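For reference, the structure discussed in these notes is given below.
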Amino acid sequence: MRITLSIIKADIGGYVGHSESHPDVLAKADECLAKAKGDGLLVDYHVTKCGDDLQLIMTHQQGEDNEKIHKLAWDTFIEGTEVAKTLKLHGAGQDLLADAFSGNVKGMGPGVAEMEFEERPAETVIIFMADKTSAGAWNMPLYKMFADPFNTIGLVIAANMHSGFTFEVHDVKEHKKITFDAPEEIYDLLVFIGAPSRFMVKAVYHRETKEIAAVSSTQRLALIAGRYVGKDDPVCIVRSQGDFPAVGEVLEPFTLPLLVEGWMRGSHHGPLMPVAVADSTPTRFDGPPRVTAAGFQLSGGKLVGPRDMFADKSFDPARQQANEIADYMRRHGPFEPHRLPLEEMEYTTMPQVMGKLEGRFVDLD
Ligand code: F6R
Ligand code: MG
Ligand code: MG
């Protein structure tokens with residue numbers, strides 16, 4: 001059975017501030033998707049949140065980039081925004097950057113990750129969702145899952161993974177894409193994906209079977225809007241088990257609270273903290289950035305789950321370490337590298353301050 005798994009997400013209002021989603025907004029989204037399931041458009045769905053982002057997880061048989069599915073998501077965000085406006089939530093409708101739907105939500109503000117595949121006899125998928133960070137945050141975790149034998153022992157000792165994976169990388173500034181084969185081309189691959197604000201892993205494929213293994217959202221809100229309207233807060237789908245890394249290999253990269261862009265005003269580096277869905281409440285300095293993981297088994301497209309994968313106690317040390325790193329980074333205050341370099345900052349007063357002080361700058365010698 002061919003199934004498409006679509007995650008479409010948007011921040012349509014925060015409660016309180018940018019720290020959480022309001023239950024009434026989630027309930028409205030549930031109502032909209034229940035209707036679409038009743039009408040037969042969706043096979044199944046799950047509505048959840050990561051911080052202030054509303055996450056629509058949907059299965060269907062319409063394929064990727066389908067207008068009906070994207071319109072359903074857009075209309076759901078519009079209805080949710082109405083609820084957010086009634087409650088005067090903060091930033092109601094903030095990620096909806098277009099006035100009207102025009103065929104596909106890509107480029108309109110919401111983040112999208114979709115993959116179509118033939119459902120395996122046991123189809124394990126993990127959906128990662130992040131808040132207060134940007135789309136390149138998945139680069140290091142995806143590299144570790146699919147190319148690093150110190151993370152994924154299956155690359156070494158499982159015959160069905162030993163030939164490696166292909167990485168599709170997008171240059172979001174130049175609007176270009178390129179693919180690299182791991183393990184042969186990992187040094188070339190790392191030249192690019194080690195610079196995650198510009199080069200992002202869009203998808204990963206199994207080299208022998210060509211099967212899709214992972215897909216991420218690469219929408220950069222600031223590039224769409226031409227100004228800061230909130231961080232991208234990306235999502236990523238990873239297929240697991242069998243020909244793909246095991247669940248434990250997929251989750252293992254997040255034991256390192258890697259430094260990502262985002263946090264307060266989208267303008268800082270901070271540790272990515274793996275948390276249970278209930279703990280995706282970035283509150284300290286509007287952070288630190290969070291990542292949640294919803295695990296499902298698919299059964300004829302039905303979403304069996306979710307299991308809240310980071311609720312596990314074994315991620316306590318990563319959370320503890322993330323809090324320690326957060327303290328350390330915060331002590332740098334407005335200094336780099338806690339503050340992002342000038343060209344990456346989402347907020348800046350530099351032009352105004354420069355303009356005001358122009359006459360006071362004098363040439364050296
Ligand atoms: C970061 C984020 C927050 C806001 C900050 C100011 O992605 O969403 O840190 O940037 O709370 O928010 P506004 O400008 O909406 O008052
Ligand atoms: Mg927000
Ligand atoms: Mg958010």
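Order of listing sets the numbers, starting from 1, for every ligand and every atom in it. Because the structure is a prediction, the values reported are computed rather than measured.
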*By atom name, which N, O or S atom of His18 is the nearest to the Mg ion (ligand 2)?*
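In His18, the N, O or S atom with the shortest distance to the Mg ion (ligand 2) is ND1.
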Which residue owns the protein heavy atom closest to [atom], what's the atom, and how far is it?
atom	result
atom 10 (O) of ligand 1	Arg265 CA, 3.2 Å
atom 9 (O) of ligand 1	Asp286 OD2, 2.6 Å
atom 14 (O) of ligand 1	Tyr347 OH, 3.0 Å
atom 2 (C) of ligand 1	Tyr228 OH, 3.8 Å
atom 16 (O) of ligand 1	His90 NE2, 3.5 Å
atom 12 (O) of ligand 1	His18 NE2, 3.1 Å

*Check if Gly266 has a non-hydrogen atom at a distance under 4.0 Å from any atom of ligand 1.*
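Flag set, Gly266 near ligand 1.
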_Close-contact set for ligand 1 against Lys231 heavy atoms, below 4.0 Å_ =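 Here the atoms of ligand 1 in question are 7 (O).
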*List every atom of ligand 1 that sits less than 4.0 Å from any heavy atom of Met264, numbering the atoms from 1 in the order shown and giving each element.*
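Here the atoms of ligand 1 in question are 9 (O).
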_Metal site angle (apex the Mg ion (ligand 3)), OD1 from Asp52 and OD1 from Asp131, 10 degrees_ =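 OD1 of Asp52, the Mg ion (ligand 3) and OD1 of Asp131 span an angle of about 100°.
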*Is the backbone of Thr59 close enough, under 3.5 Å, to the side chain of Asp44 for a donor and an acceptor to pair up by distance?*
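No; zero donor-acceptor contacts below 3.5 Å.
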*Between Ser267 (side chain) and Arg265 (backbone), is there a donor-acceptor pair under 3.5 Å?*
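Judged by distance alone, yes, a pair lies under 3.5 Å.
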_Exactly one of Phe167, Tyr205, Phe165, Phe192 should register a ring-ring contact (aromatic ring centres under 6.0 Å, His included) with Phe180. Which one does?_
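Among Phe167, Tyr205, Phe165, Phe192, the one that satisfies the ring-ring contact (aromatic ring centres under 6.0 Å, His included) with Phe180 is Phe192.
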*Taking the six-membered ring of Phe117 as reference, does the NZ or CZ atom of Arg239 fall below 6.0 Å from its centre and within a 45° cone about the axis?*
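Output yes; distance and angle both within limits.
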*Do Arg307's NZ or CZ and the ring of Phe296 fall within the cation-pi criteria of under 6.0 Å and 45°?*
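No, Arg307 does not lie over the aromatic ring of Phe296.
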*Taking the six-membered ring for Trp, are Tyr328 and His338 ring centroids under 6.0 Å apart?*
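Not under 6.0 Å, so no.
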_Restricting to N, O or S atoms, which atom of Asp53 is closest to the Mg ion (ligand 3)?_
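The nearest such atom is OD2.
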*For the Mg ion (ligand 3), find the closest N/O/S atom belonging to Asp233 and write down its atom name.*
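When I compare the N, O and S atoms of Asp233, OD2 is nearest to the Mg ion (ligand 3).
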*For the Mg ion (ligand 3), does an N/O/S atom of Asp11 lie at less than 2.8 Å?*
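For Asp11, the answer is no, given that no N, O or S atom comes within less than 2.8 Å of the Mg ion (ligand 3).
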*Report yes or no: do Leu96 and Leu72 belong to one cluster of Ile/Leu/Val/Met/Phe/Trp/Tyr joined by side chain heavy-atom distances under 4.5 Å?*
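Yes, one cluster joins them.
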*side chain to side chain contact (heavy atoms under 4.5 Å, CB included), paired with Met115, selected from Thr4, Val125, Ile212*: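 In the set Thr4, Val125, Ile212, the residue that makes a side chain to side chain contact (heavy atoms under 4.5 Å, CB included) with Met115 is Ile212.
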*If you measure only the distance, is there a donor-acceptor pair under 3.5 Å linking the side chains of Asp181 and Thr166?*
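Yes, because at least one side-chain N or O of Asp181 sits under 3.5 Å from a partner of the opposite role on Thr166.
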